[in-house]
Amino acid sequence: MIVLTLPDGARREVPVGTPARDVVASIGERLLKAAIAVVVEGETVDLGTPLRRGGAFRVLTEKDPESLAVLRHSGAHILATAVRRLRPDAQIGFGPAIDDGFYYDFGVEKPFTPEDVEAFEAEMRKVVAEKYPFVREEIDRVEANRRFSDDPLKLERIADLGADEVISTYTDGPFIDLCRGPHVPDTGYLKHFKLLHTAGAYWRGDERRPMLQRIYATAFWKKEDLEQHLFRLEEAKRRDHRVLGKTLDLFMFSQVSPGSAFWTERGTTMYNTLVDFVRDRQREAFQEIRTPLIYNKMLWEQSGHWGKYRENMFLIHNKETEELDSSLKPMNCPSHYVLYGAKKHSYRELPLRYVTFDVLHRNELTGALSGLTRVRQFSQDDCHVFLMESQIDEEVRFLMDFILGHYATFGLEARIKFATRPEVRIGSDEMWDRAERALESALKATGKPYELKPGDGAFYGPKIDFDVQDSLGRAWQLGTIQLDYAAPERFDLQYVGEDNTTHRPVVIHRAVSGSIERFMAILIEHFAGAFPVWLAPEQVRVLPISDDLAPVAAEVTAKMKAAGIRAHMDARSDTLNYRIREGEMMKVPYMAVIGKREAEAGTLAVRERGQGKKQEVVGVDAFIARVLEDVRSRSLGNSGAATGA
RNA sequence: GCUGACGUAGCUCAAUUGGCAGAGCAGCUGAUUUGUAAUCAGCAGGUUGCGAGUUCGAUUCUCGCCGUCAGCUCCA
């Protein structure tokens with residue numbers, strides 16, 4: 001017998017091997033109808049599964065988020081069912097549920113065409129209508145090998161299974177798949193789904209293995225949820241920074257330098273504004289430095305990059321030695337160590353924080369490049385802190401405040417992750433114990449919630465990562481605080497302590513925006529190009545209604561510029577409507593219209609971005625004061641994040 | 001790097017089976033002097049990504065290169 005504890009504390013005692021369905025039925029008939037699967041001691045199993053162990057027991061219905069993954073996994077099987085019907089020769093790879101849906105990998109001679117995908121979706125609807133139950137079977141290894149003898153992918157998977165693992169299959173109508181489960185009761189449960197796109201994917205992610213054809217899809221319990229998801233995908237397309245970069249005239253790319261942005265005047269204004277913002281916040285407690293862009297291999301040999309990272313560096317040909325023995329820097333750390341190590345440091349200087357915005361180059365694979373989010377040339381708001389071990393606690397708190405304050409300025413929410421020692425690492429266990437303890441206690445002291453990521457740390461030390469969610473709910477890993485005991489050893493860094501002997505400092509690597517380029521991309525998408533006033537490349541556009549008012553408008557524009565406002569006049573002879581339309585499309589936060597009335601009264605008819613005809617007539621000085629206040633307070637005002645524009 | 005799709009005017013996109021490369025917007029010129037999201041007319045704009053090949057003839061078909069995009073384990 002096993003004992004199951006229900007969420008309300010009630011207990012059920014049932015014989016070993018009782019199907020979960022029977023337990024659910026004993027709780028209530030209506031619950032059985034709504035049930036998708038059950039969770040026993042944290043493990044999700046389907047209703048047909050014989051229960052082998054007891055513990056906390058709860059029933060999943062459509063309302064439980066976990067049930068969606070079950071539905072999607074079943075969706076993957078239904079997709080495979082349809083594909084096998086139309087393409088019986090297709091080999092079956094993996095078909096898991098993923099964050100936003102599911103996919104399935106198929107081994108086929110010819111890649112799928114968009115028409116194939118349409119046909120698969122139509123066929124899936126048939127499979128759904130046929131309501132095949134998902135039948136679970138547990139079989140032994142010999143039987144498993146026999147059943148999947150025609151599919152080398154599955155045979156390989158079976159061979160990888162541990163000796164003590166239960167091998168199970170799931171059958172829905174004509175389709176059988178090696179699968180751990182769980183699944184929904186029958187194929188009829190999949191009502192709202194859509195196949196999205198296809199792509200090549202290496203078998204088991206290994207580029208030396210054959211390439212399979214992956215079909216991505218998504219599914220939801222409710223029609224509205226599916227529609228909302230598809231709408232979100234559309235919305236993401238509309239906010240795509242690569243598109244907005246063009247229409248808002250911020251940056252471009254050219255085949256003469258793949259992966260490196262050309263910034264226009266408007267884009268450069270924004271870029272500089274962002275950098276100035278960080279620089280300003282760092283003015284008091286940090287020391288900004290600049291180090292060379294090119295180094296010979298001595299440095300990279302010392303840092304260890306020459307061995308492991310050389311493929312990703314842009315190497316430079318040496319005329320005298322005829323060798324590729326130097327490179328553009330792909331990161332700042334080693335050069336900061338060189339500068340630190342060049343003179344003696346007292347404990348009184350610590351923590352010493354070197355910051356820089358130097359340009360970095362990484363030779364990314366061509367296929368990895370994508371807009372501003374994956375580039376070959378970029379800058380980081382990079383910082384290396386040299387400190388005593390006893391200062392870690394306070395320093396981490398200081399850096400965290402700094403980082404979170406940065407995101408808050410843009411209305412971005414951060415999730416904090418604490419990553420501990422990976423399997424492949426350097427340094428003793430004792431060192432890792434100390435480092436992890438120090439970092440986590442500092443993290444705890446901040447009182448902020450965080451997530452644990454065991455094994456996800458850097459090879460030289462544990463770290464805290466900051467994942468930021470933009471206005472579409474997409475997560476980006478930006479900031480990081482990494483503890484490093486290894487670099488000070490490698491570079492023999494020292495400080496003179498209170499006791500007048502030399503000691504080894506600890507290094508903390510810190511980034512806030514990550515790369516400025518990528519952060520720009522995130523901001524463009526987060527705000528949908530409608531930037532807060534302080535960040536907008538053009539803050540005010542002054543529009544004289546007719547030519548004869550241009551001199552007045554020019555004077556007003558000059559006054560705004562003198563006050564430090566990024567103002568431009570548009571006195572072209574096009575109609576006011578035309579010029580306003582253009583200003584709105586360029587997402588200028590304010591348009592100031594000057595007609596005869598305003599010229600005489602010394603006022604402006606102010607139109608706020610996205611507010612349509614709602615206009616306000618204010619004095620020139622009052623308006624200037626208002627814009628300056630927007631800038632000073634870095635108000636999010638009517639930015640795209642605030643309005644969803 | 002690998003797989004697939006794509007590359008036509010500054011931008012967004014057309015161009016039957018291979019048969020003179022087009023449109024809208026933007027630009028320029030002129031007229032219009034405008035009161036809150038497109039005034040009208042005219043003009044100009046191209047080595048169809050680059051290079052070979054097939055053909056009487058290539059934007060279209062074939063090959064190579066360059067670039068862009070979707071992806072390349074969230075494990076049965």
Side-chain angles (χ1 to χ4, degrees), chain A residues 69 72-73 76-77 80 92-105 108 110-114 144 148 151 153-161 165-170 176-181 196-216 240 242-243 246-247 249 252-259 311 363-371 543-550 571-586 591-598 605-617:
Chain A
R72 287 168 172 173
H73 186 192
H77 277 237
I92 304 297
F94 291 163
I98 53 175
D99 280 350
D100 286 325
F102 60 90
Y103 67 77
Y104 214 112
D105 288 343
V108 284
K110 273 191 182 170
F112 301 132
T113 63
F148 295 100
D151 196 327
L153 302 181
K154 289 291 168 189
L155 290 176
E156 184 180 328
R157 184 67 193 103
I158 293 166
D160 284 350
L161 286 170
E165 284 186 76
V166 175
I167 300 177
S168 58
T169 63
Y170 276 82
I176 179 166
D177 196 4
L178 183 72
C179 178
R180 184 170 49 194
L196 297 172
H197 52 262
T198 60
Y202 296 108
W203 170 234
R204 313 193 95 171
D206 186 339
E207 62 188 58
R208 289 161 306 192
R209 308 299 300 271
M211 176 152 293
L212 308 180
Q213 290 303 310
R214 174 170 299 178
I215 299 178
Y216 280 94
D240 190 327
R242 292 167 301 193
V243 176
K246 233 180 245 173
T247 55
D249 191 25
M252 62 158 221
F253 286 91
S254 159
Q255 59 174 352
V256 299
S257 184
E311 292 209 337
N363 199 355
E364 302 286 354
L365 294 176
T366 51
L369 301 177
S370 176
L543 306 175
I545 284 182
S546 58
D547 280 354
D548 53 321
L549 296 168
R572 289 175 300 176
S573 66
D574 295 291
T575 60
L576 182 64
N577 270 333
Y578 179 88
R579 286 176 288 156
I580 285 190
R581 178 181 148 83
E582 196 171 275
E584 285 285 352
M585 289 199 306
M586 291 303 279
M591 276 183 272
V593 177
I594 300 183
K596 212 184 279 176
R597 292 198 294 274
E598 287 76 18
V606 175
R607 178 189 169 110
E608 253 192 79
R609 175 179 56 203
Q611 302 298 304
K613 293 193 186 206
K614 210 168 81 187
Q615 47 183 300
E616 206 184 332
V617 178

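Just so we're on the same page: letters track the sequence lines, and every chain starts at 1.
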Pair assignment for [N], Watson-Crick or G-U wobble, requiring both distances under 3.5 Å:
N	value
B/A9	none
B/U34	none
B/A52	B/U62
B/U73	none
B/G18	none
B/A41	B/U29

Spacing between A/Arg214 atom CZ and B/U3 atom C1', to the nearest angstrom: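 Atom CZ in A/Arg214 sits about 12 Å away from atom C1' in B/U3.
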Nearest heavy-atom neighbours spanning A/Asp151 and A/Ile92: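 Taking every non-hydrogen atom into account, OD2-N, 2.8 Å.
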With a non-hydrogen cut-off below 4.0 angstrom, is [X] in contact with a base, only sugar-phosphate, or nothing?
X	answer
A/Tyr202	base
A/Arg597	base
A/Glu582	nothing
A/Leu543	nothing
A/Lys246	sugar-phosphate
A/Arg572	sugar-phosphate

A/Tyr216 and A/His197 aromatic ring geometry - parallel, tilted or perpendicular at 30°/60° bounds: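 Ring orientation of A/His197 relative to A/Tyr216: tilted.
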Under 3.5 Å donor-acceptor pair, [X] side-chain atoms to [N] base atoms:
X	N	value
A/Arg607	B/A37	yes
A/Glu598	B/G35	yes
A/Ser573	B/U32	yes
A/Tyr103	B/G71	no
A/Asp547	B/U33	yes

Donor on one side chain, acceptor on other, A/Thr575 and A/Asn577, under 3.5 Å: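 Short answer, no.
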Ignoring the backbone of [X], work out which of [options] is nearest its side chain.
X	options	answer
A/Ala201	B/C72, B/U36, B/A70	B/C72
A/Gln255	B/G67, B/U34, B/U39	B/G67
A/Phe94	B/G35, B/A26, B/C75	B/C75

Given RNA chain B, 5'-ward residue of the pair A/Lys154 and A/Glu364, judged by closest heavy atom: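 Looking at the nearest nucleotide for each, A/Glu364 comes out on the 5' side.
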First of A/Ile580 and A/Ser254 reached from the 5' end of RNA chain B, by closest nucleotide: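 By nearest-heavy-atom nucleotide position, the 5'-most residue is A/Ile580.
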Sidechain N-carboxylate O distance under 4.0 Å for A/Glu584, A/Arg607: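 Salt bridge flag = yes for A/Arg607 with A/Glu584.
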A/Arg204/A/Glu156 salt bridge by N-O under 4.0 Å criterion: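 A/Arg204 and A/Glu156: salt-bridged.
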Phosphate contact (B/U36 OP1 or OP2) by A/Arg579 side-chain N/O below 4.0 Å: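 No.
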Side-chain N,O (A/Arg581) to OP1/OP2 (B/U36) below 4.0 Å: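 Answer no for this pair, as no side-chain N or O of A/Arg581 is under 4.0 Å from OP1 or OP2.
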Can you tell me how far [atom1] in [N] sits from the matching atom in [M], rounded to whole Å?
N	M	atom1	value
B/C69	B/G64	P	22 Å
B/G42	B/G57	C1'	35 Å
B/G27	B/U60	C1'	30 Å

